[in-house]
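Worksheet: one structure, shown below.
Worth knowing before you read on, the calculation uses all heavy atoms, side chains too, and leaves out hydrogens, waters and symmetry mates.
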Amino acid sequence: MPPTSRPLRKLGFLTIGLFDGADPGRGHESTLGIIELGEQLGFDSAWVRHRHLQYGISSPVAVLAAASQRTRRIELGTAVIPLGWENPLRLAEDLATVDILLGGRLNPGVSIGPPMHYDQVKEALYPDTADAEDFGYERVRRLLDLVRGEPATDFSGVEGFEVFSDRVQPHSPGLGRRMWYGGGSLRSAQWAGEHGMNFLTSSVVKAEESEDFAGIQLSHIRAFRAHHPDGDRARVSQGLVVIPTDSASPEQRAKYTAYVEKRTPRTVTPQGPARMMFAPDIVGTSAEIAERLHAHAAFQEVDEVAFALPFSFEHADYVQILTDIATRLGPALGWQAAT
């Protein structure tokens with residue numbers, strides 16, 4: 001292993017949980033099965049994406065509540081919950097409830113910004129307050145305070161036969177230290193550090209300082225840690241799309257290669273008015289992927305990853321990819337499976 005790379009300490013994966021609108025149960029069951037497989041293979045964490053008005057997981061907290069009853073060890077996370085769709089107080093209650101069910105294994109990841117296609121959904125989402133809603137960092141701060149046990153009201157005590165608390169119940173000690181911010185900009189990295197969160201950096205960043213993806217991501221990691229009370233010990237998880245082919249069939253290899261080739265053009269230059277940069281997907285043998293990761297400037301700064309599974313593959317493909325990651329790629333990165 002090159003001396004510039006840290007041995008990988010925590011290995012995770014991220015799934016979108018796609019389903020057929022005519023048979024949603026099958027897709028959700030597949031997602032739960034993938035999470036169970038991840039635990040069996042020794043992964044440290046499994047993360048679910050969040051999609052509204054699409055055919056992906058719209059309620060990750062509910063899905064992870066179900067997964068809490070099927071797993072005993074693996075940590076479960078959201079990457080990420082867009083807070084523009086959420087009421088921070090109600091979300092804090094849901095997160096704490098699931099963390100209690102999980103015995104302290106929940107890692108909630110969140111992000112800010114207005115809901116996607118806001119002009120089309122605002123009347124359904126916020127019919128009376130659409131123009132007054134604040135979708136900035138203040139929404140995250142409210143959630144953090146509530147999760148960490150700050151008062152939600154000035155009322156508590158007994159009223160009749162009912163007992164009221166002035167803070168979110170249940171309260172889950174430790175959950176506040178497991179809150180993650182999913183950021184793609186320098187400002188978000190700094191804000192997450194200043195507020196003592198953990199930092200999720202994915203395959204999408206803003207091209208603010210340059211057009212070199214790895215260099216941009218590295219600057220975000222360093223900015224986050226420079227502003228975090230824990231400094232270099234502050235937790236960062238990197239999420240890239242990696243597709244090992246060690247045990248893949250010829251048909252799978254052809255599918256994976258075509259998938260990556262179709263998505264590669266968007267990685268060449270910044271995309272759209274926000275100048276978003278996309279990381280190239282990495283396909284090949286575990287040895288080839290490990291070599292590319294060891295040379296990745298941002299990967300050299302982390303010891304946790306949550307590799308993203310491709311969006312549109314079949315269940316059998318995910319089984320093969322996860323098995324290769326756990327048994328071949330992870331060890332090539334210095335990782336040891338959990339027991």
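A 6.0 Å sphere centred on OH of Tyr55 holds no more than 12 heavy atoms belonging to other residues, nucleotides or ligands. Lys206 NZ: 12 or fewer foreign heavy atoms inside a 6.0 Å radius.
Of the charged side-chain nitrogens involved, none lies within less than 4.0 Å of a carboxylate oxygen, so that Arg225 and Asp230 do not count as a salt-bridged pair. Between Asp20 and Arg26 there is no salt bridge, since no side-chain N of the basic residue sits under 4.0 Å from a carboxylate O of the acidic one. Taking the charged nitrogens against the carboxylate oxygens, Arg70 and Glu36 do have a contact shorter than 4.0 Å, which makes a salt bridge. Taking a cutoff of 4.0 Å between a charged side-chain nitrogen and a carboxylate oxygen, Glu150 and Arg167 do not qualify as a salt bridge.
Each of Leu8, Ile325, Val305, Asp303 was compared with Trp335 under the side chain to side chain contact (heavy atoms under 4.5 Å, CB included) criterion, and only Leu8 meets it. Remark: of the listed residues Arg222, Gln238, Gln217, Arg222 is the sole one forming a side chain to side chain donor-acceptor pair (under 3.5 Å) with Glu301.
Interatomic distance, Ile112 CD1 to Ser188 OG, rounded to the nearest 0.5 Å: 5.5 Å. Between atom CZ of residue Arg9 and atom CD of residue Gln336 there is a gap of 13.0 Å, rounded to the nearest 0.5 Å.
Between Ser210 and Ile216, the closest side-chain pair of non-hydrogen atoms falls below 4.5 Å.
A centroid separation of 6.0 Å or more is found between the aromatic rings of Phe213 and Phe278. Tyr256 and Phe313 have their aromatic ring centers within a separation under 6.0 angstrom.
Remark: Arg187 qualifies as a cation-pi partner of Tyr137 under the 6.0 Å distance and 45° angle criteria applied to the six-membered ring.
Leu175 and Leu89 fall into different hydrophobic clusters, defined by Ile, Leu, Val, Met, Phe, Trp and Tyr side-chain heavy atoms under 4.5 Å apart, directly or through other members.
Side-chain N/O atoms of Asp246 and Ser286 include a donor and acceptor closer than 3.5 Å. Side-chain polar atoms of Ser156 and Asp166 form no donor-acceptor pair below 3.5 angstrom.
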Query raised in the report: So Glu133 and Lys122, salt bridge (Lys or Arg N to Asp or Glu O under 4.0 Å) or not? Walk me through it.
Result: CA-CA 10 Å; Glu133 293 292 333; Lys122 63 184 181 182; over 6 Å; no

